[in-house]
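Structure first, commentary second.
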Amino acid sequence: MNRPLLVRLVIGFVNFWKDFLVGDTPELFWATLVIIAAVFGVSRELHWHAVAVVMTPLLVSGALLTSMRRVWRKK
Amino acid sequence: MNAVLPASGTLVLVSAVFLASAVEMVEALTIIFAVGHTRGWRWAFEGIAAALAALTALVAIFGPSLVHIPLNILRLVVGGVLLIFGMQWLRKAIMRSSGFKAKHDEDLIYAETVAELAAEAPVRGRDHVAFMMAFKGVFLEGLEVVITVLTLGTSAHRVGLASLSAAVAVVLVAVSGLIASRQLSNVPENAMKTTVGVMLVSYGTFWVGEGLSVRWPGSDAFLLALVGWNLLTVWTYTWLSRQSRQPQGARA
């Protein structure tokens, strides 16, 4: 089917960002959303700033570990 | 937080942009050399020029609009993108260091690109295959540089410094390539990618926190603590990866 140029450009743009952000590691994409939600809850809602300072880098390392465990299991 | 980053933040910003740009430029250079040597330099240069024009247009369209986004939202979104992007880089770097994935080999990529181009029949007149290959190579690698410069630069209010850092890296790699007259296969790409990944993840963590009102101890100086923590994380995961590749008996 021949789509108009604008539609093709929009589809290409969306596909580019989907590939860029999700690609073959959807777990990292979803983990980032979970991290943002968790830090939002702790910092903005509960105002536990010290907890947020410790928790944020730990959650990031945890997200990477989850992704690496996928690699190790596939071995 | 101050609008302008102090020395520690600036150092991380400049080195992250410089290394990321250098790595992407090394990859683009390999494709350009493959196109130039196989199908002629005219199409390689036309592809480069068209890609640079497209990238400039993208920056001109999206760059100015970024400064109108409220800073906290910008930092949260940019932080999220940098986190995903950085973790993807670190994952690949760990897999390469521990043997789960082949190391990036510019000589091999050059040979594969040359073989792909040689398989196409030579054409009279305009060589669309060579043009598109050079265009795609420069555009896609350049796009990653543009995203790095815009995201890191706008969040730190240092787009000028980030652009300058990227430009220096691009020129340095281009001049090195011209002098060597071949792809730069001796550049320690994996080590550079690991370093960039650590910095992107550190910046991503920092900006996500800033966007969500986390009060980092020592303000921007905390970036260095994040870099240290992420280096330790990468080292640990690389070690665990290597262990997991060894057979059970060898580990015992």
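First the proteins, then the strands, lettered A, B, ... as listed; each starts at 1. Heavy-atom basis, side chains included; hydrogens, waters and symmetry copies ignored.
The candidate from A/Gly23, A/Ala31, A/Ser67, A/Ala63 with the greatest count of non-hydrogen atom pairs under 4.5 Å with chain B is A/Ser67. Of the residues considered (B/Ala225, B/Ser213, B/Gly80), B/Ser213 shows the highest number of contacts with chain A, using heavy-atom pairs under 4.5 Å. Ranked by heavy-atom pairs under 4.5 Å with chain B, the list A/Ser43, A/Ala50, A/Ala52 is led by A/Ser43. Comparing B/Val234, B/Thr236, B/Leu76, B/Leu212 by heavy-atom pairs within less than 4.5 Å of chain A, the highest count is held by B/Leu212.
Looking at B/Tyr237, both its backbone and its side chain come within 4.5 Å of chain A, counting heavy atoms on both sides. Only the side chain of A/Trp17 comes within contact range of chain B, with heavy atoms under 4.5 Å apart. Both the backbone and the side chain of B/Val214 come within contact range of chain A, with heavy atoms under 4.5 Å apart. B/Leu240 touches chain A through backbone and side chain together, each having a heavy atom under 4.5 Å away. Of the two parts of A/Val42, neither the backbone nor the side chain holds a non-hydrogen atom closer than 4.5 Å to a non-hydrogen atom of chain B. A/Glu27 touches chain B through its side chain: at least one heavy atom from C-beta onward sits under 4.5 Å away, while N, CA, C and O do not. In this structure, the portions of A/Leu65 lying under 4.5 Å from any heavy atom of chain B include both its backbone and its side chain. For B/Ile84, the parts sitting under 4.5 Å from any heavy atom of chain A are the backbone and the side chain alike. Interface remark: A/Phe16 contributes side-chain atoms only to the contact with chain B (heavy atom separation under 4.5 Å).
Minimum heavy-atom separation, B/Met95 to A/Val71: SD-CG2, 3.9 Å. Considering all non-hydrogen atoms of both residues, B/Gly211 and A/Arg44 come closest at O-NH1, 3.2 Å. The minimum heavy-atom distance linking B/Pro217 with A/Val53 is given by the pair CD-CG1, 3.7 Å. Closest of all the heavy-atom pairs between B/Ile94 and A/Met68 is CG2-CE, 3.6 Å. Considering every non-hydrogen atom in both A/Leu64 and B/Met87, the closest pair reads CD1-O, 3.7 Å. The nearest pair of heavy atoms linking A/Leu28 to B/Arg91 is CD1-CD, 4.2 Å.
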> Would B/Thr233 and A/Ser61 count as a side-chain hydrogen bond (donor to acceptor under 3.5 Å, both in side chains) if you check the C-alpha gap in whole Å, the side-chain angles of each, and the deciding distance to 0.1 Å?
Replying inline: CA-CA 7 Å; B/Thr233 301; A/Ser61 299; 3.2 Å; yes
>> Could you walk me through whether B/Ile147 and A/Phe20 satisfy the side chain to side chain contact (heavy atoms under 4.5 Å, CB included) test, starting with their C-alpha distance in whole Å, then the side-chain angles of each, then the deciding distance to 0.1 Å, before giving a yes or no?
In response: CA-CA 11 Å; B/Ile147 290 169; A/Phe20 188 70; 3.9 Å; yes
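Annotation: A/Arg8, atom CZ; neighbour count of heavy atoms from other residues, nucleotides and ligands within 6.0 Å is above 12.
There is no side-chain donor-acceptor pair under 3.5 Å between A/Thr56 and B/Thr205.
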